[in-house]
Amino acid sequence: MIAGTNENEVQKKPLNFIESIIEDDLSNNKHQQIYTRFPPEPNGYLHIGHAKSICLNFGLSENYKGKCNLRFDDTNPVKEDVEYVESIKEDIKWLGFNWEDEVKFTSNYFDKLYNFAIKLIKSGDAYVCELNAEQLRKYRGTPTEPGKESPWRNRDVAESLTLFEGMKNGDFDEGKYLLRAKIDMASPNMHMRDPILYRIRFANHHRTGNTWKIYPMYDFAHGQSDYFEGITHSVCTLEFEVHRPLYDWFIDKLADSEYRPQQIEFARLNLTYTVMSKRKLLELVESNFVNGWDDPRMPTISGFRRRGYTPESIRNFSDKIGVAKRDGFIDVALLEHSIREDLNKKADRVMGVLNPLKVIIDNYPEDSEEYLDAVNNPEDESRGKRKVPFSKELFIEQEDFMENPPRKFFRLGIGREVRLRYAYFIKCTHVEKDDAGNVTKVHCTYDPASKGGKSPDGRKVKGTMHWVSAKHAIRSEIRLYDRLFSVENPQADKEKDFKGFINENSLEVNKIAMLEPHLKTAKSGEQFQFERKGYFCVDKDSSLDNLIFNRTVTLRDSWAKIKNS
Ligand code: ATP
Ligand code: MG
C-alpha cells in the first residue's frame with residue numbers, strides 16, 4: 001500500500017540500523033519477541049547520555065511489543081551506593097518508561113557467575129594467577145606486540161579450584177590472586193589476552209554486604225547476565241565493540257542451547273559545552289563547582305528536571321538525534337530547541353520584570369485599580385484568560401527604557417509612546433534621578449481610550465512591553481543559568497583538566513525580580529513563559545516566603561539558524 005492512502009497510517013521514518021536488525025530477527029523467527037535492557041552502574045546519577053540509551057532500549061521494546069529490563073550492574077562495591085539506585089529508578093520513571101517485572105541486579109547472579117567460573121576452571125579455560133598489577137601490565141604487551149603468558153597459566157586445575165575457593169572465603173589479601181580466563185596472549189585484540197574474571201575485594205556491597213570477598217569484572221558479568229535474563233539485543237555504546245569477541249567467547253562457553261544474546265553497538269551521545277561521564281560529574285559535585293547532582297546546570301536527568309525540562313522534550317530530542325554508528329557531537333542548541341518547542345505548547349504566559357524600574361502614570365487616578373484580561377497561551381485557546389491587576393505605579397524592565405534613545409530603539413524614552421501588553425498605550429513625559437544621575441522613576445501619561453492595548457485611532461506604536469503593577473507585584477528570586485563550560489568540548493585537550501574550562505558566570509542570582517501576583521501560589525516544578533524573558537519553573541526549594549524560579553531556557557532559538565546555515 002502507498003504510504004498515506006490509509007488515514008490511520010502514519011508516515012514512517014526510515015529504520016535505524018538497530019531497528020533493521022530487529023525487524024530481520026523477528027521476520028526470520030530468530031526471536032519471537034525482543035528483550036532489551038538498560039544496565040547502569042549505580043555509581044552516580046544518570047546524565048542525558050543515559051537518557052539516550054534509556055529511550056533507545058525502552059523505546060525499542062515498546063515499539064516492537066517486547067520487554068526491557070532495568071538491571072543494575074553492581075559489580076564494583078567500592079563506588080556504588082543505594083542513593084544512586086534510587087535516583088536512577090526515579091529518573092527512568094520520570095522519563096515515562098517502565099521496566100519488566102522487578103528491578104534486576106547483577107549481584108543477583110553472583111552465585112551463578114561463581115559456578116560458571118568454576119566450570120571454566122574445570123574445562124581448563126581459567127586459572128588463578130599471582131601476577132601483581134605492575135607485572136600484569138608488562139605481560140599484557142601492547143597493541144602491536146603480543147603479550148607474554150603468565151607463569152601460573154598452566155597451574156593444575158585442582159590447585160586453581162582450591163585457590164579460587166580460598167579467594168572466595170577471604171583467605172587471601174586483596175591483590176594476592178586473580179582469576180583469569182585462558183584465551184590467547186598473542187591475540188591482536190588486547191581484551192582476549194587472558195582477561196581478569198575475578199579479583200579479591202574486601203568491601204561492603206550495597207546489597208550483598210560482606211558475603212562476597214571476590215567480585216566479577218564487568219566483561220565477565222555483563223554478557224552472562226544478558227544470557228541469564230534471556231536478553232535478545234544487548235545494545236551498548238561503541239567502546240564495547242572491541243569487547244564483543246570476549247562477550248561471545250564467554251557465552252559460547254556457557255550456553256547449553258542455541259540461544260545467544262547479540263551485542264550491538266551505537267555511538268554514545270556527546271553534547272557541546274558539557275561533560276558526560278559520571279566520574280567527571282562526581283568531581284564537579286565533590287569539589288562544589290555545582291550544588292549537587294541536580295544542580296540545574298548539570299547534564300544529569302535530575303538537573304534537567306529541576307531546571308524545567310519535560311520528559312517529552314528529552315524523548316523528542318533523543319528521537320531527533322537518531323542512532324549513529326560513529327561518534328560525534330550534538331549541539332546543545334538542539335536540546336534547547338526541543339524544550340522550547342514543548343513548553344511553547346504547554347507553558348502559560350505570565351509577566352515578570354527581572355530588573356524593575358518604577359513607572360508612574362501621572363493621569364491615572366490615585367488609589368484606583370482594575371483587572372485586565374490576559375491570554376494564558378496563544379498556542380492553546382483552551383488555557384483561557386486570567387485577570388492582571390493594573391494601577392498607577394508599575395514596574396517595567398530597566399532595559400526597556402532609555403532617556404535618550406537612538407532612533408532604532410523601539411521601547412520607552414522621553415516623548416515616546418509604547419504599548420503595555422494587555423493594558424494601555426503610555427507616553428513618557430519626564431524622569432526623576434538620584435544624586436548619581438541614575439533614572440529612578442519614569443513619569444508617563446496613559447491613553448484611557450487604548451484599553452486592552454488597542455489603538456484608539458489607528459495610530460501605531462512600535463514597542464510592546466511587559467510590566468507588573470507595583471503594589472500587587474510579588475518579589476522573587478530568579479536563577480539564570482548559562483552553559484557550565486565556556487568551550488564546546490572541555491575534554492578536547494587530554495593534557496588539561498576539564499575543570500579549567502568551567503564558565504565562571506554559569507549562575508546569576510537575581511533577587512529583585514517582580515512578578516504577577518498569581519505566581520505566588522505556583523507549585524514546585526510548575527512552568528511558565530515569562531513574556532519576552534524565557535521559560536521559567538518554580539524551584540524545588542521555593543516557598544511562600546521565598547519564591548524561587550529557575551530559568552529553563554531563553555526564548556531565542558539558535559537551532560533554526562544553525563540548521564539552515
Ligand atoms: P559514564 O562513563 O558516564 O559513567 P557509563 O557507560 O560508564 O557512563 P553505565 O552506567 O555503565 O555508564 O551506562 C549504562 C548504559 O548507558 C550503558 O549501556 C551505556 O552504554 C549507556 N551510556 C552511557 N553513556 C552514554 C552516552 N553518552 N550516550 C549513550 N549511551 C550511554
Ligand atoms: Mg561505567
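Just follow the structure's listing: the first ligand is 1, and inside any ligand the first atom is 1.
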Under 3.5 Å, side chain of Glu526 to main-chain N/O of Lys523, donor-acceptor pair present? yes

Measuring from atom 10 (O) of ligand 1, which candidate in Glu239, Lys278, His50 has the nearest non-hydrogen atom? Lys278

Considering both backbone and side-chain atoms of Asn43, is one of its nitrogen or oxygen atoms within less than 3.5 Å of a nitrogen or oxygen in ligand 1? no

What pairs of residues pass the ring-ring contact (aromatic ring centres under 6.0 Å, His included) test when at least one of them lies in residues 257-283, not counting sequence neighbours? Tyr227-Tyr259

Pro40 heavy atoms within 4.0 Å reach ligand 1 at atoms 10 (O), 14 (C)

For Tyr84, side-chain hydrogen bond (donor to acceptor under 3.5 Å, both in side chains) partners two or more places apart: none

Phe220 and Phe116 aromatic ring geometry - parallel, tilted or perpendicular at 30°/60° bounds: parallel

Has ligand 1 got any nitrogen or oxygen that is less than 3.5 angstrom from a nitrogen or oxygen of Cys236? no

Under 4.0 Å to a heavy atom of Thr237 - the qualifying atoms of ligand 1, by number: 19 (C), 20 (O), 29 (C), 30 (N), 31 (C)

Out of Lys79, Lys278, Glu80, which one pairs with Asn43 under the side chain to side chain donor-acceptor pair (under 3.5 Å) rule? Lys278

N/O of Arg279 under 3.5 Å from N/O of ligand 1, yes or no? no

For Arg37 and ligand 1, does the shortest N/O to N/O distance drop below 3.5 Å? no

Of all the atoms in ligand 1, which lie at a distance below 4.0 Å from a heavy atom belonging to Met276? 3 (O)

Is the Tyr215 ring parallel, tilted or perpendicular to the His205 ring (thresholds 30°, 60°)? parallel

Part of Phe240 with heavy atoms under 4.0 Å of ligand 1, whether side chain, backbone, both or neither: neither

Would you please say whether a donor-acceptor pair under 3.5 Å links the side chains of Asn316 and Ser338? no

Using a 4.0 Å cut-off to any heavy atom of Pro39, which atoms of ligand 1 qualify? 14 (C), 18 (O)

Would Leu269 count as a polar contact of ligand 1, with the cut-off being nitrogen or oxygen pairs under 3.5 Å? yes

Is there a donor-acceptor contact under 3.5 Å from the side chain of Arg551 to the main chain of Lys533? yes

